[in-house]
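Read through the structure below, which is laid out as structure tokens, and then see the notes.
Every value quoted in this text rests on a predicted model; they were computed, and no experiment measured them.
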Amino acid sequence: MATTHANTAALIYDWNEKERTGPLLRRAPRFVDESIRDGIQSPSVRDPSIEQKMELVRLMDRMGVQAVNLGLPGAGRRAQEDVERLLRFIVEEKLRITANCAARTVASDIHPIIDISQKVGVPIEVMTFIGSSPIRGYTEGWDNERLKKHTHEAVKLGVDHGLPVGFVTEDTTRSHPKTLDVLFRTALEAGAGRLVLCDTCGHATPDGLRNLLNFTRGVLRSMDLEETVELDWHGHNDRGLALVLGLYAFEWGFHRVHGCGLGIGERVGNCSLDLLLLNLYLLGQLDPKQHDLSCLVEYVEKISESTGVPIHPSYPLAGRDAFRTATGVHAAAIIKATKTGDHDLADRVYSSVPARVFGRKQEIEIGHYSGRSNVIFWLREHGYEPSDELVDRVFNFAKSQNHTLTTEEVKAVIAG
């Protein structure tokens, strides 16, 4: 007799869609992966080898990430060599992903980008940045005239050499509107085609993001550039809001959002690019023809392996515990769903993320919160006959412990 599978979607009431009056996003989302630039600025990471960086860029391209920041060539010879090798790699492998590079608003940072682009014969978007907040200006002894001069010269240098230029205001979310107005206009008049609004210190709340976006649109509208200049959002996670703000940025109309695999980066890190992709997939906002997320877990694992940053056990999707439980109530429901043969039901009865879509599966363990069903399921999954005597022995041992049992511990109990 054939197994009848439930319509899992019909069994979930989705409050996320309640009162939605229009499309979630104005346009298809685009991403900038900062893992091998901002990501490796974290004081706790090691700089991946060039081979590891190539592997990461290949995975980014496979996932449908549109752009990658290859580094800051102005940092020195090694950075320049890595950027050139990575750019050649993109060309040789015919990857779809495009390249950009970070640069301070000084000629010595921009010239290496121009040189690399000319050597390889491929344009690199110059992402030239300058600190714009009053607290930074006070600390550095900068005034608006100096900021304006550096902005004009840097943007013009890139544009005059035929490169696309994005103008990046560091600490935008704490910058005064008068300063931003001057700098935005200066950059755009010099030929910048993109403004990158940065939450460099992780200061913004959703209200702050919306207010800043509305202000920036007002500047563009006054220059009749609202339809031609693109906007990027670059967020950090100091308040734990980076992922939420990345989603809002897309919903409210930003063209691109930046992020890093595993959320690595300065201090507490950037928006987790993998979780941004995961959430947009779950919201039905990614075209499967453009975004292959079957390698999303592999991408996170490669980020971890190449940078030395461990994946926290409870990290969503890629964490060891993401689909693993030893709690009796949870396990009992998953076990019942599994017995129906309906993998989707088993995936969704105690999870909002379908594990099997991403190459993971539900795991039932045995611990001090477990019920007898955990023990029976575990024994059967590992090839043991769950006799009453054996179940009792493992169950009683688990209740006497203060942790989830390892496979070796359970086998030791079984061996007697």
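Checked for salt-bridge contact, E389 and R393 meet the test: a charged N lies under 4.0 Å from a carboxylate O. In summary, R372 and D392 engage in a salt bridge, as defined by a charged side-chain N under 4.0 Å from a carboxylate O. With respect to D47 and K53, a salt bridge is recorded, a charged nitrogen being found less than 4.0 Å from a carboxylate O. A salt bridge does not link E55 to R58: none of the charged side-chain nitrogens sits closer than 4.0 Å to a carboxylate oxygen. By the 4.0 Å N-to-carboxylate-O rule, E125 lies close enough to R256 to be salt-bridged with it. Taking the charged nitrogens against the carboxylate oxygens, D181 and K178 have no contact shorter than 4.0 Å, which rules out a salt bridge.
Applying the salt bridge (Lys or Arg N to Asp or Glu O under 4.0 Å) rule to K399 yields no partners; only residues at least two apart in sequence or on another chain are considered.
Residue Y248 qualifies as open at atom OH: its count of foreign heavy atoms under 6.0 Å is 12 or below. Counting non-hydrogen atoms of other residues, nucleotides and ligands closer than 6.0 Å to CD1 of I135 gives a total of 12 or fewer. The environment of R27 atom CZ is dense: over 12 non-hydrogen atoms of other residues, nucleotides or ligands sit within 6.0 angstrom. Heavy-atom contacts from other residues, nucleotides or ligands closer than 6.0 Å to CZ of R46 number more than 12. Counting heavy-atom neighbours within 6.0 Å of Y369 OH, excluding the residue itself, gives a total of 12 or less.
In this structure, Y384 and W378 have parallel ring planes: the angle between them is below the 30° cut-off, well short of the 60° mark. Between F358 and Y281, the ring planes lie perpendicular to each other; the angle is over 60°, past the 30° to 60° tilted range.
Taking 4.5 Å as the limit, every side-chain heavy atom of I90 sits out of range of all side-chain heavy atoms of L86.
Taking all atoms of both residues into account, the shortest heavy-atom contact from D33 to G261 is OD1-N, 4.5 Å.
Taking the centre of each ring, F254 and W252 stay at or above the 6.0 Å mark. In this structure, the ring of Y350 has its center no less than 6.0 angstrom from the ring center of F323.
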